[in-house]
**Student:** 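Below: one structure in structure tokens.
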Amino acid sequence: MFDENVLRRAICGPAAMKRQLQHLLTVSEASNVTMRVVPRSAGAYDGLYGAFLLLEYQEEPDIVFVENHVTALFLEEEADLASYRMALRNILGSALAPAATRDLISSVAAEH
């Protein structure tokens, strides 16, 4: 899951951007991949506070991994897990469905 602005931020030339967007479309079709974009129209949402990974295991305790340019943390407290689970639900509620995500990526690719 990622923010629409990632699709539109020009890091390289238009041809390379288009290839990267086409690659995202290819990857999004894989059966083991669910790609979702939070559109700019969503406004402020929990994902803007920073990236995190919610790691849920069947036979081990769940953890949250948070990282920035200075440090990384593994959070195991139930209150932390609950907070990040709620954040993930809110982000998912703001994100486009997979088909709409592919449509958006296609549209952005067509602009290049």
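Predicted, not measured: the structure shown is a model, and the values here were computed from it. Note that the numbering runs from 1 along the sequence shown for the chain. Just so it is clear, the values below take in all heavy atoms, side chains as well, and ignore hydrogens, waters and symmetry mates.
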**Student:** Using the test ring-ring contact (aromatic ring centres under 6.0 Å, His included), find all partners of F74 that sit at least two apart in sequence or belong to another chain.
**Tutor:**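 With neighbours one apart ignored, the set is F65.
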**Student:** Nearest 0.5 Å please: distance from the CG atom of L53 over to the CG atom of L88.
**Tutor:**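 The CG atom of L53 sits 10.5 Å away from the CG atom of L88.
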**Student:** L21, L104: one ILVMFWY side-chain cluster at the under-4.5 Å cut-off?
**Tutor:**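 In one cluster with L21: L104, yes.
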**Student:** Find out if a path of hydrophobic residues (ILVMFWY) with successive side-chain heavy-atom gaps under 4.5 Å connects L25 to F2.
**Tutor:**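 Looking at the clustering, F2 is in the same group as L25.
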**Student:** Assess whether atom CD of E60 is packed by more than 12 heavy atoms of other residues, nucleotides or ligands within 6.0 Å.
**Tutor:**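 Count not over threshold, so no.
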**Student:** Once rounded to the nearest 0.5 Å, what's the spacing between atom OG1 of T26 and atom CZ of R19?
**Tutor:**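 These two atoms lie 13.0 Å from each other.
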**Student:** What verdict does the side chain to side chain contact (heavy atoms under 4.5 Å, CB included) test give for D103 and L96, after you've listed the backbone C-alpha separation in whole Å, the side-chain angles of each residue and the deciding distance to 0.1 Å?
**Tutor:** CA-CA 10 Å; D103 291 345; L96 298 172; over 6 Å; no
**Student:** With a 4.5 Å cut-off on side-chain heavy atoms, are I91 and Y45 touching?
**Tutor:**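 Yes. Closest side-chain heavy atoms under 4.5 Å.
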**Student:** Between L48 and G43, what is the shortest heavy-atom contact and its length?
**Tutor:**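 Reported closest heavy-atom pair: CD1-O, 4.2 Å.
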**Student:** If you compare all heavy atoms of D46 against all heavy atoms of M86, which two are closest, and at what distance to 0.1 Å?
**Tutor:**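 For D46 and M86, the tightest heavy-atom pair comes out as OD2-O, 4.4 Å.
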**Student:** Taking only residues two or more places apart in sequence, or in another chain, which ones meet V66 in a side-chain contact (heavy atoms from CB on, under 4.5 Å)?
**Tutor:**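 side-chain contact (heavy atoms from CB on, under 4.5 Å) list for V66, sorted by chain: F52, V64, L75, Y84.
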**Student:** Does L24 share a hydrophobic cluster with M17, counting links as ILVMFWY side-chain heavy atoms below 4.5 Å and allowing steps through other members?
**Tutor:**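 Different clusters.
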**Student:** Where the side chain of D3 meets the backbone of V6, is there a donor-acceptor pair that is under 3.5 Å apart?
**Tutor:**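 Between the backbone of V6 and the side chain of D3 there is no qualifying donor-acceptor contact (under 3.5 Å).
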**Student:** Give me the atom names and distance for the closest heavy-atom approach of Q20 to C12.
**Tutor:**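 Taking every non-hydrogen atom into account, NE2-SG, 4.0 Å.
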**Student:** First locate atom CD1 of I63, then atom CD of E77, and finally report the distance between them rounded to the nearest 0.5 Å.
**Tutor:**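 Taking CD1 in I63 and CD in E77, the distance rounds to 13.0 Å.
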**Student:** Could you pull out the closest heavy-atom pair between R36 and A97, with the gap in Å?
**Tutor:**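 Taking every non-hydrogen atom into account, NE-CA, 4.2 Å.
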**Student:** Counting distance only, does the side-chain N/O of S106 pair as donor-acceptor with the main-chain N or O of R102 below 3.5 Å?
**Tutor:**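 Side chain of S106 to backbone of R102, a donor-acceptor pair under 3.5 Å: yes, one is there.
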**Student:** Determine whether a donor-acceptor pair (N or O, by modelled atom type, separation under 3.5 Å) exists between the side chain of D62 and the backbone of E76.
**Tutor:**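 A pair under 3.5 Å: no.
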**Student:** Ignoring hydrogens, what is the shortest heavy-atom contact between P14 and H112? Give both atom names and the distance.
**Tutor:**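 Smallest interatomic distance, heavy atoms only, reads O-CB, 3.7 Å.
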**Student:** Does M1 share a hydrophobic cluster with V27, counting links as ILVMFWY side-chain heavy atoms below 4.5 Å and allowing steps through other members?
**Tutor:**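 As far as the 4.5 Å side-chain criterion goes, V27 and M1 are not connected within one cluster.
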**Student:** Using 0.5 Å steps for rounding, measure from the NZ atom of K18 to the CD atom of Q22.
**Tutor:**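 Here the interatomic distance stands at 6.5 Å.
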**Student:** List the atom of P39, the atom of S94, and the distance in Å for their closest heavy-atom pair.
**Tutor:**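 That closest heavy-atom pairing would be CD-O, 3.3 Å.
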**Student:** Is it the case that one hydrophobic cluster holds both M35 and L54, taking links as side-chain heavy atoms less than 4.5 Å apart, direct or via other members?
**Tutor:**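 Each belongs to a different hydrophobic cluster.
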